[in-house]
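Taking it in order: structure first as structure tokens, then the write-up.
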Amino acid sequence: MKHSKKMIFALLALAMSQTSVAAPVPLDRVSVQINDGIVLESEIKNMITTVRANAKAANQTLPSEEALRTQVIERLILTHLQMQMAERIGLQIGDLQLDQTIENIAKEQKMSVAQMQQSIESEGTSFNQYREQLRQEITLGEIQRIQVQRRIQVSPQEINGLVKLIEEQGLKDVEFQIGHILIEVPSNPSSEQLESSSRRAEIVLKRLNEGDDFRSTAIASSSGPKALEGGIWDFMNINEMPTLFAEVVNSAKKGDIIGPIKSGSGFHIIKVIDTRGLQTQEVSEVKSRHILLKPSPILSEERAKAMLDNFLVQVRNGEADFAKLAKQYSEDPGSGAKGGELGWADPGMYVPEFSQTLASLSEGQISEPFRTTHGWHIVQLESRRTTDATDQFNSNRAHQLIFRRKFNEELQNWLDEMRSEAYIEIIEPETKRG
């Protein structure tokens, strides 16, 4: 027994002596201080490793080690500043919202969550690490939307100017077949003659709108140069046609009847008989209604979802009315007072989770509760339709293009402002400072 005790003391002494002479091995260190937060050296190294792997996969060359490190540190500084802002305003992405997002990603990739997890882990990333990276990405997207969107104004004049440019570019290769009826006015007409011609033009227009054949009407009524051809002009580009035609058909579609338009020679009625090369935009619209509950310090994520589960059971069992529940409980200021009605809309205007949920429903069906950046919803698809929305499409496209340009500009301005107002210290390692 005594010998064994001596052996133990000897081993302890040896261990202590080795510990005292071994050089310290730092596990990590603080590399950047940002306000009251820090960036660890391990974060920088991990991001550099990721950037290198991505560059290798894309067969892309990278700058020098020092330049790469500088870029990575700058990216981490901006990320930490945005996360600090999110924390200050109480923006948090809870586990329920995160789970919903992961389910949606898995659906888009046509796999289950378990299959997606297996795929991620097979690439050497833990699923927990993936979840936290995704949580950060959602948080960054939300804080940018909240802080930058309110700084952007898109005027009707800007939209109209860009719509005109889009239409002009789109009309370069378009040809129109025009139908033309002229109700002639005598030279130097009296007021009675002018009024008579105007009445005749209105009668002709009314008949055409009621379905009378254009060609027959033109032969019978028109004083125009193509009257005997039924008022039909050959296909013309907008630059080839008479100015009167060009001014009115640039925003018209096949079948449109325009007029009467007064000129020195009389009253003109124009119909777009056909087009070649004109791209019309048909959109599938949905009519829907929803109930929105927004989680808060008072209303937890779990409680909001449970309330919607209960509403769903009540509506399906006929114990409650969807519209009345929406009026009483929905926190959407735009639709709540209207019983949750969102009206007719292109589903693409909604956030992805809302649009995807609508796409999965049949008419009359109510969804299970789901989470978007706005909160927890249940939505009912009331009806679908397809409509010609070329004008609206061009207007929306113009708005999106202007908004996206301004968003990118304002995002950079916001980030620059945050960085200039922050306390930032890049801490070099001891060896480099020496």
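Numbering of residues begins at 1 and proceeds along the displayed sequence. From a predicted model like this one, the values you see are computed outputs, not experimental measurements.
- A pairwise comparison of heavy atoms in Gly340 and Ala326 identifies N-CB, 3.5 Å as the closest pair.
- When only modelled atom types and interatomic distance are considered, Glu425 and Tyr423 share a side-chain donor-acceptor pair under 3.5 Å.
- Judged purely by atom type and a 3.5 angstrom limit, Ser222 uses its side chain to pair as donor or acceptor with the backbone of Leu182.
- One side chain, Asn35 or Gln84, offers a donor N or O that lies under 3.5 Å from an acceptor on the other.
- Salt-bridge check for Arg52 with Glu65: passed, with a basic side-chain N closer than 4.0 Å to an acidic carboxylate O.
- Side-chain contact between Arg371 and Glu301 is present, with heavy atoms from C-beta onward closer than 4.5 Å.
- Side-chain N or O atoms of Arg135 include one that pairs as donor or acceptor with a backbone N or O of Ile93 at under 3.5 Å.
- Looking only at distances, no side-chain donor or acceptor of Asn317 sits under 3.5 Å from a matching main-chain atom of Glu319.
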### Task
Applying side-chain hydrogen bond (donor to acceptor under 3.5 Å, both in side chains), run through Glu158 and Ser155 and close with a yes or a no.
CA-CA 5 Å; Glu158 288 177 294; Ser155 70; 3.3 Å; yes
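- Atom CD of Gln109 sits in a crowded spot, with more than 12 heavy atoms from other residues, nucleotides or ligands closer than 6.0 Å.
- Salt-bridge check for Glu331 with Lys294: failed, with every basic side-chain N at 4.0 Å or more from each acidic carboxylate O.
- For the side chain to side chain contact (heavy atoms under 4.5 Å, CB included) test with Leu292, the passing option among Ile378, Leu308, Asp332 is Asp332; the others fail.
- Asn160 places a side-chain N or O within 3.5 Å of a backbone atom of Pro156 that can act as its donor or acceptor partner.
- Counting non-hydrogen atoms of neighbouring residues, nucleotides and ligands closer than 6.0 angstrom, the CD atom of Gln115 exceeds 12 such neighbours.
- Atom CD of Glu108 sits in a crowded spot, with more than 12 heavy atoms from other residues, nucleotides or ligands closer than 6.0 Å.
- Counting only N and O atoms by type, the side chains of Ser335 and Glu341 include no donor and acceptor under 3.5 Å apart.
- Inspection of the Ser362 and Gln365 side chains reveals an N or O donor paired with an N or O acceptor under 3.5 Å.
- Of all heavy-atom pairs spanning Pro189 and Pro186, the tightest one is CD-O, 3.1 Å.
- For Arg316 and Glu368, the salt-bridge test passes: some basic side-chain N is under 4.0 Å from an acidic carboxylate O.
- We find the CD1-OG1 distance between Ile138 and Thr101 to be 4.0 Å, quoted to the nearest 0.5 Å.
- To the nearest 0.5 Å, the span separating CD on Gln149 from CD on Gln144 amounts to 12.0 Å.
- A distance-only check finds a donor-acceptor pair linking the side chain of Ser197 to the backbone of Glu184 [under 3.5 Å].
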### Task
For Glu353 and His374, run side-chain hydrogen bond (donor to acceptor under 3.5 Å, both in side chains): C-alpha distance rounded to whole Å, both residues' side-chain angles, the deciding distance at 0.1 Å, then the answer.
CA-CA 10 Å; Glu353 299 88 351; His374 300 293; over 6 Å; no
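- Of the N and O atoms on the side chains of Thr139 and Gln136, not one donor lies less than 3.5 Å from an acceptor on the other residue.
- Residues Asp416 and Gln412 bring a donor and an acceptor atom of their side chains to less than 3.5 Å of each other.
- Using a 4.5 Å heavy-atom threshold, the side chains of Val379 and Leu361 count as touching.
- Across Gln380 and Gly364, no two heavy atoms sit closer than the pair NE2-O, 3.0 Å.
- Side chain to side chain, Thr49 and Asn46 fail the donor-acceptor criterion of an N or O pair below 3.5 Å.
- Under a cutoff of 6.0 Å and an axis angle of 45°, Arg200 and Phe267 do not form a cation-pi pair.
- The existence of a salt bridge linking Lys206 and Glu202 is excluded, since no basic side-chain nitrogen approaches an acidic carboxylate oxygen closer than 4.0 Å.
- Counting only N and O atoms by type, the side chains of Glu229 and His180 include no donor and acceptor under 3.5 Å apart.
- Rounded to the nearest 0.5 Å, atoms CG (Leu415) and OG (Ser420) are 11.0 Å apart.
- You'll find the ring centres of Phe354 and His290 inside the 6.0 Å limit.
- With a 6.0 Å radius and a threshold of 12 heavy atoms from other residues, nucleotides or ligands, Glu363 has its CD atom above the threshold.
- Across all their heavy atoms, Ala320 and Leu325 have their closest contact at CB-CD1, 3.8 Å.
- The CD1 atom of Ile232 sits 9.5 Å away from atom CD1 of Ile219, with the distance rounded to the nearest 0.5 Å.
- In this structure, Gln82 and Trp414 have side chains that are in contact, with non-hydrogen atoms separated by less than 4.5 Å.
- Atom CZ of Arg151 has more than 12 heavy atoms from other residues, nucleotides or ligands within 6.0 Å.
- You'll find the side chain of Leu205 reaches within 4.5 Å of the side chain of Pro260, heavy atoms only.
- At a threshold of 4.0 Å, the pair Glu66-Arg69 does not count as salt-bridged, since none of the basic side-chain nitrogens sits closer than that to a carboxylate oxygen.
- Residues Tyr329 and Met307 come closest through the heavy atom pair CD2-CE, 4.1 Å.
- Under the 6.0 Å cut-off for aromatic ring centres, Phe176 and Phe245 do not qualify, their centroids lying 6.0 Å or more apart.
- At a threshold of 4.0 Å, the pair Arg405-Glu409 counts as salt-bridged, since one of the basic side-chain nitrogens sits closer than that to a carboxylate oxygen.
- Thr125 places no side-chain N or O within donor-acceptor distance of the main-chain N or O of Ile120, the cut-off being under 3.5 Å.
- Classification of Glu195 and Arg199 as a salt-bridged pair holds, one side-chain N sitting under 4.0 Å from a carboxylate O.
- Between the side chain of Lys327 and the main chain of Lys338, no donor-acceptor pair closer than 3.5 Å is present.
- In terms of modelled atom types and a separation under 3.5 Å, the side chain of Asp346 and the main chain of Met349 share no donor-acceptor contact.
- Among all heavy-atom pairs drawn from Ser330 and Gly336, the shortest one is CB-CA, 4.2 Å.
- If you take CD1 on Ile426 and CD1 on Ile44, they are separated by 8.5 Å, rounding to the nearest 0.5 Å.
- Looking at Val51 and Gln71, their side chains never come closer than 4.5 Å, going by heavy atoms from C-beta outward.
- Using a 3.5 Å distance cut-off with no hydrogens or angles, the side chains of Thr217 and Asp212 do not pair a donor with an acceptor.
- Atoms CG and CD1, on Leu91 and Ile146 in that order, are 5.0 Å from each other to the nearest 0.5 Å.
- The side-chain heavy atoms of Ile424 and Arg419, taken from C-beta on, include a pair separated by under 4.5 Å.
- Taking a 6.0 Å sphere around CG of Asn209, one finds it holds more than 12 heavy atoms contributed by other residues, nucleotides or ligands.
- Counting heavy atoms from C-beta on, the side chains of Ile73 and Val39 never come closer than 4.5 Å.
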### Query
Yes or no on salt bridge (charged side-chain N to carboxylate O under 4.0 Å, His left out) for Arg145 and Glu142, after CA distance, side-chain angles and deciding distance?
CA-CA 5 Å; Arg145 183 184 63 80; Glu142 274 300 285; 2.9 Å; yes
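- Checked by atom type, the side-chain pair His377/Thr372 shows a donor-acceptor distance below 3.5 Å.
- Across Ile257, Asp213, Ile203, a single residue satisfies side chain to side chain contact (heavy atoms under 4.5 Å, CB included) together with Leu208, and that is Ile257.
- Considering only heavy atoms from C-beta on, Met47 comes within 4.5 Å of Leu76 through its side chain.
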